[in-house]
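Each remark here refers to the structure printed beneath this line.
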Amino acid sequence: TFRNFGTIIASGTLQFGRETFVNDGEIDLGQGVASLTVQRFGPQPIDLMFTDTAALRVDLTVSGASDSLDVLGTLTLDGMLDVSLLDTAAFDPSVVYTIITATQITGEFANAQSSGSGIATGVQMNGLPFDVIYPQSAVKIANLLHAHRALVLAGITGVAAVRRRR
């Protein structure tokens with residue numbers, strides 16, 4: 001088992017000879033948008049575990065680009081997700097950011113916040129609330145209110161189209 005108690009600032013690939021990487025510290029993908037792949041040497045999968053003291057820091061842009069953590073194995077989540085918006089221009093709230101992929105994901109971040117916002121229950125960008133969602137083998141950040149409105153409008157449009165055909 002490899003244990004991190006400090007800060008890892010990296011992009012590219014981290015390879016381990018051990019099957020388990022326990023993160024008690026911080027993983028930061030650095031300045032700007034970057035990606036980090038965590039894997040073992042050889043074809044065996046790795047287990048990456050975020051403890052309750054761990055933090056993942058990710059950057060997003062208004063154009064839809066984001067940091068990405070890719071785990072070639074199982075990821076267990078806890079701790080804090082800290083999100084920074086790199087630019088402050090107006091952006092499209094329909095953008096969905098995929099910030100993590102893994103073979104399998106269990107758990108959720110205990111806290112999610114925007115850097116400097118002081119909000120520990122969610123991510124806010126340009127005053128809009130975003131949610132951290134956990135679909136199978138990914139972690140995404142999305143404005144669910146916008147997504148819900150789009151689905152409702154699509155449903156209304158679909159019903160109107162069906163009624164017109166009759």
Side-chain angles (χ1 to χ4, degrees), residues 1-61 64-86 93-125 128-148 150-151:
T1 299
F2 175 82
R3 246 189 142 98
N4 171 46
F5 293 100
T7 300
I8 295 175
I9 301 174
S11 62
T13 302
L14 284 177
Q15 289 186 316
F16 296 92
R18 313 228 181 234
E19 75 178 59
T20 304
F21 170 22
V22 178
N23 183 39
D24 290 301
E26 182 179 312
I27 296 178
D28 186 337
L29 279 66
Q31 296 291 338
V33 173
S35 65
L36 176 65
T37 299
V38 178
Q39 64 186 46
R40 283 185 69 188
F41 291 110
Q44 301 88 2
I46 192 164
D47 293 326
L48 172 55
M49 292 183 255
F50 278 71
T51 66
D52 61 343
T53 61
L56 176 64
R57 303 201 187 289
V58 297
D59 296 328
L60 311 175
T61 68
S66 68
D67 283 342
S68 175
L69 175 65
D70 303 305
V71 180
L72 301 183
T74 301
L75 174 62
T76 303
L77 292 174
D78 199 353
M80 183 182 69
L81 172 64
D82 188 7
V83 178
S84 295
L85 185 61
L86 294 179
S94 67
V95 173
V96 176
Y97 300 91
T98 300
I99 58 169
I100 298 173
T101 60
T103 306
Q104 179 180 355
I105 298 176
T106 60
E108 296 181 358
F109 288 105
N111 294 300
Q113 69 180 27
S114 305
S115 288
S117 74
I119 297 167
T121 57
V123 176
Q124 288 208 355
M125 291 182 279
L128 293 173
F130 276 69
D131 296 290
V132 181
I133 54 178
Y134 302 87
Q136 186 175 8
S137 51
V139 176
K140 299 177 182 243
I141 296 175
N143 181 316
L144 293 183
L145 179 60
H146 183 275
H148 178 71
L151 287 173

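The minimum heavy-atom distance between Gly64 and Val95, with the atom names listed, is CA-CG1, 3.6 Å. Between Arg40 and Gly17, the shortest heavy-atom distance links the atoms NH2-O, 3.6 Å. Summarising the geometry of Asp59 relative to Gly30, their closest heavy-atom pair is OD2-O, 3.0 Å, with the distance given to 0.1 Å. The two residues Gly73 and Pro45 have their closest heavy-atom pair at CA-CB, 3.8 Å. What you find for Ala142 and Val96 is that their closest heavy atoms are CB-CG2, 4.0 Å. Of all heavy-atom pairs between Gly32 and Leu86, the closest is CA-CD1, 3.7 Å.
Test Thr76, Thr101, Ile105, Ile46 against Val71 for side-chain contact (heavy atoms from CB on, under 4.5 Å) and you get one pass: Ile46.
Separating the OG1 atom in Thr103 from the CG atom in Leu72 is a distance of 6.0 Å, to the nearest 0.5 Å. Atom CG of Leu81 and atom CG of Asn111 lie 10.0 Å apart (nearest 0.5 Å). Rounded to the nearest 0.5 angstrom, Asn23 CG and Thr51 OG1 are separated by 6.5 Å. Thr74 contributes atom OG1, which lies 4.5 Å from atom CD of Gln104 (distance to the nearest 0.5 angstrom). Rounded to the nearest 0.5 angstrom, Ile141 CD1 and Asp131 CG are separated by 10.0 Å. The distance from atom CE of Met49 to atom OG1 of Thr20, rounded to the nearest 0.5 Å, is 4.5 Å.
By the neighbour-count criterion of 12 heavy atoms within 6.0 Å, atom CD of Gln31 is sparsely surrounded, having that number or fewer from other residues, nucleotides or ligands.
Proximity of a side-chain donor or acceptor of Thr53 to a complementary backbone N or O of Asp24 within less than 3.5 Å is detected. For the pair Tyr134 (side chain) and Phe109 (backbone), a donor-acceptor distance under 3.5 Å is present. Without hydrogens or angle criteria, Tyr97 side chain to Asp67 main chain gives no donor-acceptor distance under 3.5 Å.
Between Leu14 and Ile8 the shortest side-chain heavy-atom distance falls below 4.5 Å. Counting heavy atoms from C-beta outward, Phe50 and Leu75 have side chains that approach closer than 4.5 Å.
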message = Test side-chain contact (heavy atoms from CB on, under 4.5 Å) on Leu56 and Leu29; report intermediate values, then the result.
response = CA-CA 8 Å; Leu56 176 64; Leu29 279 66; 4.1 Å; yes

task = Start with the C-alpha gap between Arg57 and Glu26, add the side-chain angles, then the distance that decides, and say whether side-chain contact (heavy atoms from CB on, under 4.5 Å) holds.
result = CA-CA 8 Å; Arg57 303 201 187 289; Glu26 182 179 312; 2.9 Å; yes

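The aromatic rings of Phe16 and Phe2 sit tilted relative to each other, their planes meeting at an angle between 30° and 60°.
The side chain to side chain contact (heavy atoms under 4.5 Å, CB included) search around Arg18 returns none, not counting sequence neighbours.
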